[in-house]
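Report on the following structure.
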Amino acid sequence: MSDVESHLQQLSRGVEAIYSLEELRKKLQSGKALRIKLGMDPTAPDIHLGHSVVLRKLRQFQDLGHTAVLIIGDYTARIGDPTGRDTTRPVLDEAAILRNARTYLEQAGRVLDTSPGKIEVRHNSEWLSKLSFADVLRLTGMVTVQQMLHRENFKLRMEQQREIVLSEFMYPIMQAYDSVVIKSDVELGGTDQTFNNLMGRELMSKHDMAKQVVMVMPILVGLDGHEKMSKSKGNYVAVTEPPAEMFGKIMSIPDALMSNYFQLLTALPPERITSILDSSQTHPRDAKDILGRVIVEEFHGREGAELASAEFRRRFSQGGGGLPTDLETKVVPALAQGAMGMLDLICAVGFATSKSDARRLVEQGGVTLDDQKITDPKATVSVAGEGILRVGKRRVCKIKAS
RNA sequence: GGGCGCGUACCGAAGUGGCCAAACGGGGCAGACUGUAAAUCUGCUGGCUUAACGCCUCCGUAGGUUCGAAUCCUACCGCGCCCA
């Protein structure tokens with residue numbers, strides 16, 4: 001297989017759609033370093049595995065010698081979005097945008113290759129702020145209302161007779177114009193960006209330029225196995241999380257989700273994935289362990305992944321009970337004054353939000369002190385030196401009087 | 001400008017004068033079990049406490065009617081839809 005064909009195969013992996021494969025092939029055949037565009041919205045700086053799907057694809061391109069062009073949508077963010085609902089975009093000030101962009105880059109850098117020459121970071125205010133009204137009219141003259149109304153989101157709202165603010169039509173045009181300016185060869189995005197990215201092709205061809213290829217990646221399902229991974233749903237794994245936390249969260253996904261995660265979040269060869277997912281060859285628990293380690297390894301290295309896996313086994317498998325390696329010590333000064341109520345102690349270390357809450361935990365048998373189960377809510381404790389307090393499976397700490 | 005609706009705990013959603021700390025579902029937490037923080041099953045899910053069928057706070061906000069209000073009235077705030 002030629003290089004081009006093998007690259008094409010790698011790059012197509014896990015992709016939802018390519019517009020079009022043939023054009024991508026031609027671009028790869030040219031032998032040039034391609035410019036791969038990815039737009040980012042400077043409002044949500046908490047990057048999670050869902051974002052990493054697209055970022056990993058971008059990284060793949062980088063590794064094959066192409067250039068990542070990251071567009072920070074600062075102009076758009078500054079103007080905000082009048083529509084309130086479907087596409088809430090809060091208005092941000094300059095400082096916030098800069099801050100968000102910086103944390104975004106810091107986090108995206110855990111996936112991307114940020115060495116010089118591999119990545120180009122641009123703010124779209126650079127060119128958008130210079131457009132005159134006449135320029136804007138010229139751009140809007142290149143797109144028809146009918147094209148706009150084809151977009152799913154708009155179509156739906158037309159049918160439901162819900163408002164569409166005129167300026168909303170401008171967002172796809174602005175993004176598309178970004179592509180014209182930076183002369184992208186390929187634009188990446190999630191499937192939700194399909195329309196906007198295709199608009200880039202449209203606008204580029206109106207400018208007599210080579211059209212960008214659009215590749216859209218599937219939206220990653222969150223830890224709950226149903227809804228898309230997002231911060232607001234709380235069903236996410238942030239790229240900045242410590243190894244043990246990452247690993248544990250991955251172990252908590254429904255078994256049925258494993259295949260999807262292997263496909264979108266790892267680079268394991270397809271045959272390998274098939275054999276891992278075949279329960280007659282690999283125990284499902286081990287399959288998930290592999291998944292967890294491969295993902296954690298990407299962010300914390302081989303050693304971090306192994307440690308996280310080992311710790312998980314120690315703490316939770318076969319009854320568990322092991323202590324975490326980074327066992328936290330909490331000082332409870334009140335203990336120095338003699339016996340203190342169990343419930344107060346639980347609240348004092350922050351394992352319960354109220355005494356009623358603490359009482360429930362005790363009554364349900366979820367609390368142990370030095371491996372002694374406490375079942376009486378009225379119990380008092382006096383810890384001479386220090387003790388190990390557990391609440392449920394996951395909350396453990398060492399307590400000291402001073 | 002006119003008309004009509006809606007606002008209940010983390011979320012969704014019942015409840016239209018006392019039996020309401022408020023059904024039910026989701027989520028969360030705990031327990032059992034296990035192959036894991038999976039699945040399944042069970043319990044809990046406003047707060048305080050001398051732990052009691054005690055007290056306090058609570059159904060957008062502020063008043064009012066009533067022996068008694070999430071439920072009725074008034075004003076206000078917020079949200080939505082329709083007409084102009």
Side-chain angles (χ1 to χ4, degrees), chain A residues 49 83-86 88 157-165 221-238 241-262 276-296 305 308-324 340-344 346-369 371 373-380 389-396:
Chain A
L49 293 182
T83 54
R85 262 220 315 262
D86 259 65
T88 306
R157 284 198 278 163
M158 284 295 277
E159 281 162 11
Q160 297 175 343
Q161 309 210 326
R162 286 171 40 210
E163 76 170 11
I164 300 172
V165 173
V221 174
L223 300 176
D224 58 294
H226 300 289
E227 306 208 66
K228 78 168 191 176
M229 184 175 282
S230 78
K231 192 181 180 184
S232 56
K233 295 258 164 39
N235 59 357
Y236 73 111
V237 182
E241 287 183 52
E245 197 68 16
M246 256 188 190
F247 188 86
K249 283 188 176 179
I250 290 158
M251 289 304 277
S252 82
I253 64 171
D255 288 359
L257 202 55
M258 283 199 279
S259 157
N260 188 245
Y261 274 34
F262 267 115
I276 291 173
L277 291 175
D278 178 351
S279 58
S280 67
Q281 290 183 62
T282 313
H283 193 290
R285 196 216 164 268
D286 296 331
K288 210 179 272 178
D289 178 75
I290 294 170
L291 177 67
R293 277 183 293 152
V294 171
I295 293 173
V296 173
S309 164
E311 173 163 334
F312 187 86
R313 211 173 281 266
R314 204 178 70 243
R315 290 189 63 190
F316 303 112
S317 296
Q318 278 122 39
L323 295 170
M340 113 183 250
M342 195 61 216
L343 302 182
D344 291 312
I346 296 170
C347 292
V349 297
F351 285 172
T353 53
S354 68
K355 291 181 80 169
S356 300
D357 190 16
R359 170 177 283 108
R360 276 177 224 122
L361 291 165
V362 169
E363 282 169 353
Q364 296 197 103
V367 177
T368 64
L369 181 64
D371 291 326
K373 186 173 273 196
I374 313 284
T375 47
D376 179 9
K378 279 184 286 190
T380 55
L389 177 70
R390 281 175 191 278
V391 174
K393 286 194 183 73
R394 297 171 56 193
R395 283 165 282 182
V396 202

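Below, chains carry the letters A, B, ... as their sequence lines are ordered, and counting in each starts from 1. Note: hydrogens, waters and symmetry copies are ignored here, and every other heavy atom, side chains too, is used.
Separating the CG atom of A:D289 from the C1' atom of B:A38 is a distance of 14 Å, rounded to the nearest angstrom. Atom CZ in A:R390 sits roughly 17 Å away from atom C1' in B:C29 (whole-Å rounding). A straight line from CG of A:D224 to P of B:A38 spans 13 Å, rounded to a whole angstrom. If you measure from atom CZ of A:R313 to atom C1' of B:A37, you get 15 Å, rounded to the nearest angstrom. Atom CD of A:E245 is separated from atom P of B:A37 by 14 Å (rounded to the nearest Å). Atom CZ in A:F351 sits roughly 11 Å away from atom P in B:A30 (whole-Å rounding). Residue A:K378 contributes atom NZ, which lies 12 Å from atom C1' of B:A52 at whole-angstrom precision. The CG-C1' distance, from A:D286 to B:G35, rounds to 8 Å in whole Å.
Pair assignment for B:U45 gives B:G27, based on Watson-Crick or G-U wobble hydrogen-bonding distances that are each under 3.5 Å. Pair assignment for B:C72: B:G64, on the basis of Watson-Crick or G-U wobble contacts that are both within less than 3.5 Å. Pair assignment for B:A32: B:U40, on the basis of Watson-Crick or G-U wobble contacts that are both within less than 3.5 Å. Pair assignment for B:G7 gives B:C77, based on Watson-Crick or G-U wobble hydrogen-bonding distances that are each under 3.5 Å.
The side chain of A:K355 approaches B:C48 more closely than any other nucleotide in the set B:G47, B:C48, B:C33. Of the listed nucleotides (B:G35, B:G47, B:C29), B:C29 has the atom at the smallest distance from the side chain of A:L361. Looking at the side chain of A:Q364, the nearest of the listed nucleotides B:A30, B:G35, B:G47 is B:A30.
Residues A:M251 and A:E363 each lie close to RNA chain B; by heavy-atom proximity, the contact nearer the 5' end of the strand is made by A:M251. Heavy-atom nearest nucleotides on RNA chain B were determined for A:L343 and for A:V367, and the one closer to the 5' end corresponds to A:V367.
Among the atoms of the strands shown, only primed sugar atoms or phosphate atoms (P, OP1, OP2) are found under 4.0 Å from some heavy atom of A:G365. Note on A:R360: only backbone sugar-phosphate atoms sit closer than 4.0 angstrom, heavy atoms only; bases stay farther off. Among the heavy atoms of the strands lying under 4.0 Å from A:P254 are primed sugar atoms or P, OP1, OP2 only; no base atom is included.
Nucleotides B:U42 and B:G26 have their P atoms positioned 12 Å apart, rounded to a whole Å. Between the C1' atoms of B:A37 and B:A30, the separation comes to 13 Å (whole Å). Taking atom P in both B:U74 and B:G3, the straight-line distance is 15 Å, to the nearest Å. Rounded to whole Å, the C1' atom of B:A69 lies 6 Å from the corresponding atom of B:G17. B:A9 and B:C20 are spaced 13 Å apart, taking the C1' atom of each and rounding to whole Å. A distance of about 11 Å separates the P atoms of B:U71 and B:G18, rounded to the whole Å. Comparing B:G27 with B:C59, their P atoms sit 28 Å apart, to the nearest whole Å. As rounded to the nearest Å, B:C11 and B:U65 have P atoms that lie 33 Å from one another.
Atom-to-atom distance recorded for A:F312:CZ and A:R293:CZ is 13.0 Å, nearest 0.5 angstrom. How far CG of A:L361 is from CZ of A:F351: 11.0 Å, rounded to the nearest 0.5 Å. Distance check: A:I290 CD1 to A:M258 CE gives 9.5 Å after rounding to the nearest 0.5 Å. The structure places NZ of A:K288 at 7.5 Å from OG of A:S252, a figure rounded to the nearest 0.5 Å.
Using a 4.5 Å heavy-atom threshold, the side chains of A:I253 and A:L291 count as touching. No side-chain heavy atom of A:V349 sits less than 4.5 Å from a side-chain heavy atom of A:V391.
Looking only at distances, no side-chain donor or acceptor of A:Y236 sits under 3.5 Å from a matching main-chain atom of A:K228.
A:D255 contributes a side-chain N or O that forms a donor-acceptor pair with the base of B:G35 under 3.5 Å.
Phosphate contact (OP1/OP2 of B:U36, side-chain N/O of A:S252, threshold under 4.0 Å): absent. Of the side-chain N and O atoms in A:R395, one or more sit less than 4.0 angstrom from OP1 or OP2 of B:A30. Under 4.0 angstrom from either OP1 or OP2 of B:G35 there lies no side-chain N or O belonging to A:R285. Regarding contacts with the backbone of B:G35, every side-chain N or O of A:S317 stays at 4.0 angstrom or more from both OP1 and OP2.
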